Amino acid sequence: MSTSFKPQSDFLRVLVERGYIHQCSDFEGLDAKAKAGEATAYIGFDATAPSLHVGSLVQIMMLRWMQKTGNKPMPLMGGGTTMVGDPSGRDESRKILTMDDIENNKAGIKRVFAKFLTFGDGRTDAHMVDNAEWLTKLNYIEFLRDVGRHFSVNRMLSMDSVRMRIEREQELSFLEFNYMCLQSYDFVELHRRYGVVLQMGGSDQWGNIVSGIDLGRRMGTSQLYALTSPLLTTASGAKMGKTAAGAIWLNPDMLSPYDYWQFWRNTEDRDVGRFLKLFTELPMDEIARLEALGGSEINEAKKILATEAAAMVHGRDEAERAAETARQTFEQGMAAETLPSIDVPRAELEAGLGVLNVFVTAGLVASNGEARRQVKGGGLRVNDAPVTDEKALITASDLNADGAVKLSLGKKRHILLRPR
RNA sequence: GGGGGAAUGUCCCGAGCGGCAAAGGGGGCGGACUGUAAAUCCGCUGGCUAUGCCUUCGCAGGUUCGAGUCCUGCUUCCCCCA
């Protein structure tokens with residue numbers, strides 16, 4: 001995005017200055033719509049997991065800004081499209097999910113949106129839709145005649161997502177090949193039902209979105225618009241939000257607020273400014289100040305980033321608590337009472353529990369074998385003392401002043417063991 | 001329809017004369033150095049009631065003291081010819 005385009009609408013102005021925009025089909029046209037508060041927009045979310053993770057956060061933030069700048073955001077549950085599976089950016093077919101899984105996932109995902117958007121019937125209130133509502137009712141022949149005839153297979157074959165599969169000689173099922181048609185049709189359907197004129201998404205969705213605009217034109221909608229966000233990677237090139245330890249989930253039952261706060265606290269120096277703009281709502285001049293901090297002072301900026309980002313998802317109180325827990329744990333080296341914890345029956349603790357087993361139970365390591373290896377490498381600690389004997393027992397005498405045992409893996413991951 | 005190849009450690013890529021818990025990467029985890037950063041260096045990277053036992057090389061059988069490695073059938077994918 002390096003145009004000299006000067007947005008008139010609050011919506012585009014914010015998105016441009018905060019770095020949300022990768023591509024837009026028509027800046028001027030969309031700007032006018034947004035200025036009039038008529039830029040009703042949707043973003044589709046596939047129901048492939050019981051929670052969204054950090055990878056979807058940019059999209060969610062775009063919807064939030066949309067609402068804050070006087071337009072109507074519509075998160076779309078891909079209840080129908082999830083049954084098909086998006087081939088974009090994938091080099092192999094998705095697993096087919098069962099209907100039960102999809103329902104379950106939708107319920108989890110809805111909880112996330114409630115944190116970011118105000119729902120209701122007002123003009124700028126968010127409205128949640130599910131494409132299963134219309135996609136599952138489609139009649140095959142009718143769909144082919146009304147919608148299918150507008151799609152050129154020649155053109156679809158030239159789209160990145162499809163071409164890649166073909167070039168790499170990887171299977172692309174007819175089921176997946178249809179995904180684009182369905183997503184395009186969603187756009188048209190949403191326009192007809194709710195007057196949606198804009199579809200946003202990650203840059204990998206550009207092709208699908210534009211194809212929806214095209215279909216709209218052929219099927220007689222008014223002008224539709226596309227807006228995509230850059231695909232987020234960390235400065236060192238890793239994909240955002242997915243580590244081998246697991247994705248950075250937004251639902252607290254999948255990842256504790258404390259761990260969520262830690263994720264942001266561990267941001268690389270180079271990413272701090274960019275992330276503050278995308279994932280917090282701090283004013284731009286404040287961000288400029290924070291991002292200019294040099295050397296170890298940048299850590300202050302990271303703490304603010306962590307607290308602001310966590311507050312958005314888990315609420316201000318939880319965020320402050322996570323920040324305080326981190327302060328006590330890292331800056332004072334104590335076992336903050338509010339660290340994530342697990343319970344263990346008091347009788348078992350008094351009888352003595354094997355260290356290895358305890359670390360496995362706490363979920364810090366996957367198996368006794370891994371625990372042993374960590375002991376060898378000096379990675380496990382009980383109450384900050386390195387575990388040297390893998391046969392050691394943890395007993396009631398290990399309880400600290402707060403009545404808990406602090407288990408640590410490495411320098412960053414801590415869990416409290418509490419007798420119950 | 002005919003001919004030829006491929007499937008390896010449940011994160012990925014990938015070597016593998018009949019003795020293999022299976023080379024090497026990447027990724028990840030841990031350690032050192034730092035600032036809970038990056039870069040760099042080092043270690044680890046099947047499971048267990050553990051000087052041993054169990055489970056792994058697409059699936060099912062077979063040959064053999066012994067099979068990822070050889071044979072047969074099957075599945076999936078790729079290439080060439082038609």
Side-chain angles (χ1 to χ4, degrees), chain A residues 89-95 164-173 233-248 256 258-276 290-307 309-310 322-336 339-340 352-382 384-391 393 406-415:
Chain A
R90 307 210 143 231
D91 48 13
E92 57 187 58
S93 303
R94 273 187 209 258
K95 269 193 300 228
M164 207 182 68
R165 285 276 192 90
I166 291 175
E167 275 171 9
R168 297 169 65 174
E169 286 159 351
Q170 274 155 340
E171 166 83 1
L172 175 67
S173 68
T233 54
T234 68
S236 37
K239 257 188 209 146
M240 276 288 288
K242 277 190 179 164
T243 65
I248 304 302
S256 73
Y258 170 77
D259 288 322
Y260 188 76
W261 192 93
Q262 283 295 322
F263 169 76
W264 294 105
R265 175 61 183 84
N266 287 307
T267 298
E268 290 178 34
D269 287 9
R270 290 177 288 177
D271 288 327
V272 170
R274 197 160 53 106
F275 287 1
L276 280 167
L290 290 171
E291 149 179 60
L293 292 174
S296 60
E297 283 187 359
I298 191 99
N299 282 327
E300 288 312 308
K302 291 186 190 178
K303 288 179 205 165
I304 292 172
L305 168 64
T307 302
E324 177 57 19
T325 302
R327 199 183 64 77
Q328 289 180 15
T329 307
F330 286 93
E331 292 172 26
Q332 300 181 354
M334 28 187 294
L339 280 171
L353 292 160
V355 248
L356 301 182
N357 182 30
V358 163
F359 275 91
V360 174
T361 315
L364 288 171
V365 293
S367 67
N368 285 2
E370 189 187 336
R372 271 193 197 91
R373 282 179 234 119
Q374 290 295 2
V375 168
K376 256 182 235 147
L380 297 188
R381 278 171 295 139
V382 173
D384 298 316
V387 176
T388 49
D389 175 12
E390 55 183 55
K391 292 210 175 74
L393 290 181
K406 182 184 180 191
L407 307 173
S408 311
L409 168 66
K411 279 178 295 203
K412 295 186 187 174
R413 305 193 54 204
H414 311 282
I415 285 191

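Chain letters run A, B, ... following the sequence lines, proteins first and then strands; every chain starts at 1. What you see is a predicted model; the values in this text were computed from it and never measured.
Here the separation of B:C79 from B:G46, taken at their P atoms, is 34 Å to the nearest Å. B:A6 sits 14 Å from B:U72 when the P atoms are compared, rounded to a whole Å. Rounded to a whole angstrom, the distance from the P atom of B:A67 to that of B:U56 is 13 Å. Straight-line distance between the P atoms of B:G61 and B:U69: roughly 14 Å, to the nearest whole Å. Across the P atoms, B:U51 and B:U34 are found 41 Å apart, a figure rounded to whole Å.
The nucleotide B:C44 finds its pairing partner in B:G28, both defining distances of the Watson-Crick or G-U wobble pair being shorter than 3.5 Å. Across the strands present, B:C33 finds no partner; the criterion is a Watson-Crick or G-U wobble pair with both atom distances under 3.5 angstrom. The nucleotide B:A39 finds no pairing partner, because no Watson-Crick or G-U wobble arrangement with both distances shorter than 3.5 Å includes it. Taking a pair to require two hydrogen-bonding distances under 3.5 Å in either a Watson-Crick or a G-U wobble arrangement, B:G61 pairs with B:C71.
Side-chain to base pairing of A:Glu331 with B:U36: no donor and acceptor N or O lie closer than 3.5 Å to each other. Under 3.5 Å, the side chain of A:Lys411 and the base of B:U34 form at least one donor-acceptor pair of N or O atoms. One N or O donor and one acceptor, one from the side chain of A:Asp269 and one from the base of B:G35, sit under 3.5 Å apart.
Of the candidates B:U49, B:G35, B:U36, B:G35 carries the atom nearest the A:Ser296 side chain, counting heavy atoms from C-beta on.
Taking CG of A:Leu305 as the start and CZ of A:Arg265 as the end, the distance is 10.0 Å to the nearest 0.5 Å.
Looking at heavy-atom distances under 4.0 Å, A:Arg373 makes contact with sugar-phosphate atoms alone, never a base. Counting non-hydrogen atoms under 4.0 angstrom, A:Lys302 reaches a base of the nucleic acid. Residue-level contact check: A:Ile298 touches the bases, meaning some heavy atom is under 4.0 Å from a base atom.
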